[in-house]
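Shown next, in structure tokens, is the structure this report addresses.
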Amino acid sequence: MNLDKLFNDSYERVSCMGENNNLFFDCFYEKFMGSSTEIADKFINTDMKKQKLMLRSSILYIMQLFSTHELHEYMEEIAIKHNKKHLNIQPELYDVWIECLIETVKELGPYFNDNIELAWRMVFSPGITYMKFKYNK
């Protein structure tokens with residue numbers, strides 16, 4: 001099973017849906033922010049258009065980390081921005097984040113199955129692990 005290909009094909013399908021290719025990101029953030037008031041509060045003063053662009057960018061770096069096992073300095077910047085001293089995104093919120101992401105792929109992905117779910121989880125695992133690791137740094 002080629003996890004890179006499964007993920008890339010799935011991501012390409014869902015990230016190109018809707019007006020301005022935003023359906024996936026709109027649905028994800030609606031689901032994520034709707035999952036708890038704590039999470040919704042984190043986005044109160046957020047420019048969501050900019051946030052969605054940053055997520056698109058972050059996904060590329062997460063894919064790169066999974067494929068090459070090399071950390072790009074952008075990942076370090078994002079981890080610092082989200083750590084305890086800055087945005088204070090607690091490690092357990094990344095578990096909610098990935099579950100909302102998978103649920104969005106499941107709802108929108110026309111060929112969603114267990115292998116695609118596994119590919120998404122495996123691709124995001126190193127990035128999420130890194131973000132959690134950097135929380136107290």
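If you read the sequence from its start, that first residue is 1, and numbering goes on from there. The structure presented is a predicted model; accordingly, all values stated were derived computationally and were not measured.
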What class does the angle between the rings of Y11 and F25 fall in, given that below 30° is parallel, 30 to 60° is tilted and above 60° is perpendicular?
perpendicular

Taking the side chain as C-beta and beyond, is there a heavy-atom pair between Y61 and S57 under 4.5 Å?
yes

If you round to the nearest 0.5 Å, how far is OG of S15 from CG of L23?
11.0 Å

Do D114 side-chain atoms and E117 backbone N/O form a donor-acceptor pair below 3.5 Å?
no

For residues A119 and L6, report the shortest heavy-atom separation together with the two atoms involved.
CB-CB, 3.8 Å

A side-chain contact here means heavy atoms from C-beta on lying under 4.5 Å apart; do L55 and F28 qualify?
yes

pair I78-M131: side-chain heavy atoms closer than 4.5 Å:
yes

Same cluster (ILVMFWY, side-chain, under 4.5 Å), M63 and Y74:
yes

Grouping I, L, V, M, F, W and Y whenever their side-chain heavy atoms are under 4.5 Å apart, do M75 and I80 come out in a common cluster?
no

Nearest 0.5 Å please: distance from the NZ atom of K31 over to the CD1 atom of I102.
12.0 Å

If you take all heavy atoms of I39 and S35, which pair is closest and at what distance?
CD1-OG, 3.3 Å

In Å and rounded to the nearest 0.5 Å, what is the CG to CG distance from N2 to N115?
11.5 Å

Quick check: are there more than 12 heavy atoms from other residues, nucleotides or ligands sitting under 6.0 Å from CE of M17?
yes

Do the non-hydrogen side-chain atoms of L71 and E76 ever get within less than 4.5 Å of each other?
no

Student check: side-chain heavy atoms of R56 and N22 closer than 4.5 Å
yes

Could you give me the CA-CA distance, side-chain angles and deciding distance for L108 and C27, then say whether side-chain contact (heavy atoms from CB on, under 4.5 Å) is met?
CA-CA 9 Å; L108 298 178; C27 290; 4.2 Å; yes

State, yes or no, whether a side-chain contact exists between K132 and D95 at a heavy-atom distance under 4.5 Å.
yes

Of all the heavy-atom pairs spanning K42 and L87, show the shortest one and how long it is.
NZ-O, 3.3 Å

Do the side chains of S36 and V96 get nearer than 4.5 Å, heavy atoms only?
no

ILVMFWY cluster, W97 and Y135 together (side-chain gap under 4.5 Å)
no

What I want to find out is whether E12 reaches K5 closely enough, with some N-O distance under 4.0 Å, to be called a salt bridge.
no

Would F7 and F66 count as a close aromatic pair, with their ring centres under 6.0 Å?
no

First locate atom CZ of R13, then atom CD1 of I116, and finally report the distance between them rounded to the nearest 0.5 Å.
5.0 Å

Is the closest side-chain heavy-atom distance between M48 and M33 below 4.5 Å?
yes

Show the numbers, then the answer: is there a side-chain contact (heavy atoms from CB on, under 4.5 Å) between K106 and F112?
CA-CA 6 Å; K106 184 178 185 177; F112 187 85; 3.6 Å; yes

Same cluster for V14 and Y111 if Ile/Leu/Val/Met/Phe/Trp/Tyr side chains link at under 4.5 Å?
yes

Give a yes or no on this: more than 12 heavy atoms of other residues, nucleotides or ligands lie within 6.0 Å of atom CD of E92.
yes

To the nearest 0.5 Å, atom CG of L93 lies from atom CZ of F32 at 6.0 Å

Could you state whether F133 and L65 fall into the same hydrophobic cluster, counting links through intermediate Ile, Leu, Val, Met, Phe, Trp or Tyr residues with side-chain heavy atoms under 4.5 angstrom apart?
no

Checking F124 against I59 for the side-chain contact (heavy atoms from CB on, under 4.5 Å) test, could you report, in this order, the C-alpha distance in whole Å, the side-chain angles of both residues, the deciding distance, and whether it holds?
CA-CA 8 Å; F124 279 91; I59 288 172; 3.9 Å; yes

Could you tell me which non-hydrogen atom of S67 sits nearest to which non-hydrogen atom of D4, and how far apart they are?
OG-OD1, 3.0 Å

Is there a side-chain contact (heavy atoms from CB on, under 4.5 Å) between E99 and E103? Walk through the geometry before answering.
CA-CA 6 Å; E99 293 308 318; E103 192 60 34; over 6 Å; no

Describe, in one word, how the ring planes of W120 and F24 are oriented to each other, choosing from parallel (under 30°), tilted (30 to 60°) and perpendicular (over 60°).
tilted

Distance in Å, H82 NE2 paired with N88 CG, rounded so as to fall on 0.5 Å steps
11.5 Å

